[in-house]
*Asks:* 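Please find one structure pasted underneath; my questions will follow.
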Amino acid sequence: MNGYLRLGVNIDHVATIRNARGGGHPDPVRAARLAAQAGADGITAHLREDRRHISDDDMARLAAQIDLPLNFEMAATDEMLRIALRHRPHAACIVPEKREERTTEGGLDAVGGFATLKPFVASLGEAGIRVSLFVEPDPAQLDAAVALGAPVVELHTGAYCDAGPDERERQLARIVAAASHAEAVGLECHAGHGLTFDTVGPVAAILSIAELNIGHFLIGEAIFGGLESSIKRMRALMDQARAEALGERSA
Ligand code: PXP
């Protein structure tokens, strides 16, 4: 671990705004280019089964035109597997998907869904795509990810971000414990969902986390100060929290 914390910028909600009117503006590929200039280390996009934001054409253009590593969030379906194998993104993060939910509300059940997930993890891995499983910060889920052969897990930070002040410490402790369990069992650990300027610091300070994926807040904040500024501020808050945590470790 070199201590650097990567930032994956999720550009789904640029497509949400575009789709409110149809047409091509604002273009998520343009946002991805700007994110690269502003300090993103990767671009994340979720092609949902109902195509409510990112479209098939967006995925094709992101794969062809963006130099940063592309992280394709996908449900474990045959259709999404075919699309992933066509575009060969750097990484694929398998997420649970329900049509009626507004966003990805919970983690994947890698324990209960083991047999279903197994061929997806295998096919993506054989194609050279780095597979990540989006799971709750629960050691049993991480052990199932290892048994499935996934090299990466992404911890769902939604419960931590949504918690009130009394509950937040408890939710953070779950993430801290899960991240160290991930390290102990040899998984690369990522985290994301619901992170904001106010909630990112304590998660960025967890040294066994290598990457954060952040979208909705950055795009919302861009309305007020611009996308470049919102990404740069997030990057700075992450770097500051990480530097402090590294300093404490070596003190
Ligand atoms: N990580 C995963 C696996 C997700 O599904 C999402 C939402 O698409 C995110 C990170 C980003 O969450 P948010 O948009 O709330 O920052």
Side-chain angles (χ1 to χ4, degrees), residues 5-17 19 28 31-32 35 40-54 58-59 62 69-77 80 84 89-99 101-110 117 120 124 129-137 141 145 150 152-163 171 175 178-179 182 187-201 203-204 209-223 227 230-231 233-235 237-238:
L5 179 62
R6 294 194 302 270
L7 170 60
V9 172
N10 180 315
I11 41 88
D12 292 352
H13 296 299
V14 178
T16 302
I17 297 172
N19 295 358
D41 301 289
I43 298 299
T44 294
H46 185 177
L47 183 65
R48 292 189 74 105
E49 289 178 88
D50 62 8
R51 307 302 197 268
R52 70 177 68 159
H53 37 57
I54 294 294
D58 293 331
M59 276 319 299
L62 286 166
L70 178 62
N71 175 28
F72 176 31
E73 289 179 359
M74 54 175 274
T77 66
M80 290 303 151
H90 166 76
C93 180
I94 304 182
V95 301
E97 207 175 296
K98 294 193 213 95
R99 273 174 200 258
E101 69 187 358
R102 276 206 204 148
T103 180
T104 313
E105 284 164 7
L108 197 66
D109 184 5
L117 290 168
F120 287 94
L124 291 164
I129 299 169
R130 199 158 166 75
V131 183
S132 156
L133 302 182
F134 187 47
V135 294
E136 293 296 323
Q141 295 295 336
V152 184
V153 284
E154 180 165 331
L155 304 178
H156 198 309
T157 51
Y160 156 75
C161 291
D162 292 344
Q171 292 298 339
I175 297 169
L187 291 163
E188 181 173 316
C189 189
H190 300 176
H193 208 283
L195 291 168
T196 66
F197 292 156
D198 290 337
T199 55
V200 77
V203 179
I209 293 181
E211 177 176 309
L212 300 181
N213 283 297
I214 310 180
H216 182 266
F217 179 82
L218 288 174
I219 305 306
E221 196 59 22
I223 291 169
L227 185 58
S230 77
I231 293 172
R233 174 136 178 77
M234 188 63 83
R235 180 76 265 168
L237 290 167
M238 286 167 54

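We count ligands from 1, going down the list as the structure has it; atoms in each ligand are counted the same way.
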*Asks:* Mind telling me whether Phe197 and Phe217 have parallel, tilted or perpendicular rings, with 30° and 60° as the class edges?
*Replies:*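 Rings of Phe217 and Phe197: perpendicular, over 60°.
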
*Asks:* Using a strict 4.0 Å cut-off to heavy atoms of Gly215, name the atoms of ligand 1 that fall inside it.
*Replies:*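 Selected atoms, number and element: 13 (P), 14 (O), 16 (O).
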
*Asks:* Quick one: does any side-chain atom of Thr44 pair with a main-chain N or O of Val9 as donor and acceptor, under 3.5 Å?
*Replies:*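 Looks like no, no N/O pair under 3.5 Å.
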
*Asks:* Numbering the atoms of ligand 1 from 1, which are under 4.0 Å from a heavy atom of Glu73?
*Replies:*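 Near Glu73, the atoms of ligand 1 are 1 (N), 2 (C), 3 (C), 4 (C), 5 (O), 6 (C), 8 (O), 9 (C), 10 (C).
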
*Asks:* Distance under 4.0 Å to a non-hydrogen atom of His216: what atoms of ligand 1 satisfy this?
*Replies:*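 Within the 4.0 Å cut-off of His216, ligand 1 contributes 13 (P), 14 (O), 16 (O).
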
*Asks:* So, is Glu154 polar-close to ligand 1, with some N/O to N/O distance under 3.5 Å?
*Replies:*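 There is such a contact, yes.
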
*Asks:* Can you list the atoms of ligand 1 that are under 4.0 Å from a heavy atom of Gly194?
*Replies:*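 Those atoms are 12 (O), 13 (P), 15 (O), 16 (O).
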
*Asks:* How long is the gap from CG on Leu155 to CG on Asn213, to the nearest 0.5 Å?
*Replies:*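 These two atoms lie 11.5 Å from each other.
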
*Asks:* Below 4.0 angstrom from a heavy atom of Asn213, which ligand 1 atoms are there? Numbered from 1 as shown, please.
*Replies:*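 Matching atoms, with element in brackets: 10 (C), 11 (C).
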
*Asks:* After noting the C-alpha distance and the side-chain angles of Asp41 and Arg235, does the key distance pass the salt bridge (Lys or Arg N to Asp or Glu O under 4.0 Å) rule?
*Replies:* CA-CA 10 Å; Asp41 301 289; Arg235 180 76 265 168; 2.7 Å; yes

*Asks:* Under a 4.0 angstrom heavy-atom cut-off, which atoms of ligand 1 come close to Val95?
*Replies:*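 So the answer, numbered in order with elements, is 3 (C).
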
*Asks:* Taking it one step at a time, do Glu154 and His193 satisfy side-chain hydrogen bond (donor to acceptor under 3.5 Å, both in side chains)?
*Replies:* CA-CA 10 Å; Glu154 180 165 331; His193 208 283; over 6 Å; no

*Asks:* Let's go through Glu73 and Asn71 carefully: what are the C-alpha distance in whole Å and the side-chain angles of both, what is the deciding distance for side-chain hydrogen bond (donor to acceptor under 3.5 Å, both in side chains) to 0.1 Å, and is it a yes or a no?
*Replies:* CA-CA 6 Å; Glu73 289 179 359; Asn71 175 28; 4.7 Å; no

*Asks:* Record the part of His156 in heavy-atom contact with ligand 1 below 4.0 Å; permitted values are side chain, backbone, both and neither.
*Replies:*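 No part of His156 is near ligand 1 at this cut-off.
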
*Asks:* Answer yes when Arg130 and Glu188 have at least one side-chain N-carboxylate O distance shorter than 4.0 Å, and no when they do not.
*Replies:*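 Here Arg130 pairs with Glu188 in a salt bridge, since their nearest N and O are under 4.0 Å apart.
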
*Asks:* With respect to His46, determine whether any N or O atom, backbone or side chain, lies less than 3.5 Å from an N or O atom of ligand 1.
*Replies:*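 In fact, backbone or side chain, His46 has no N or O that close.
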
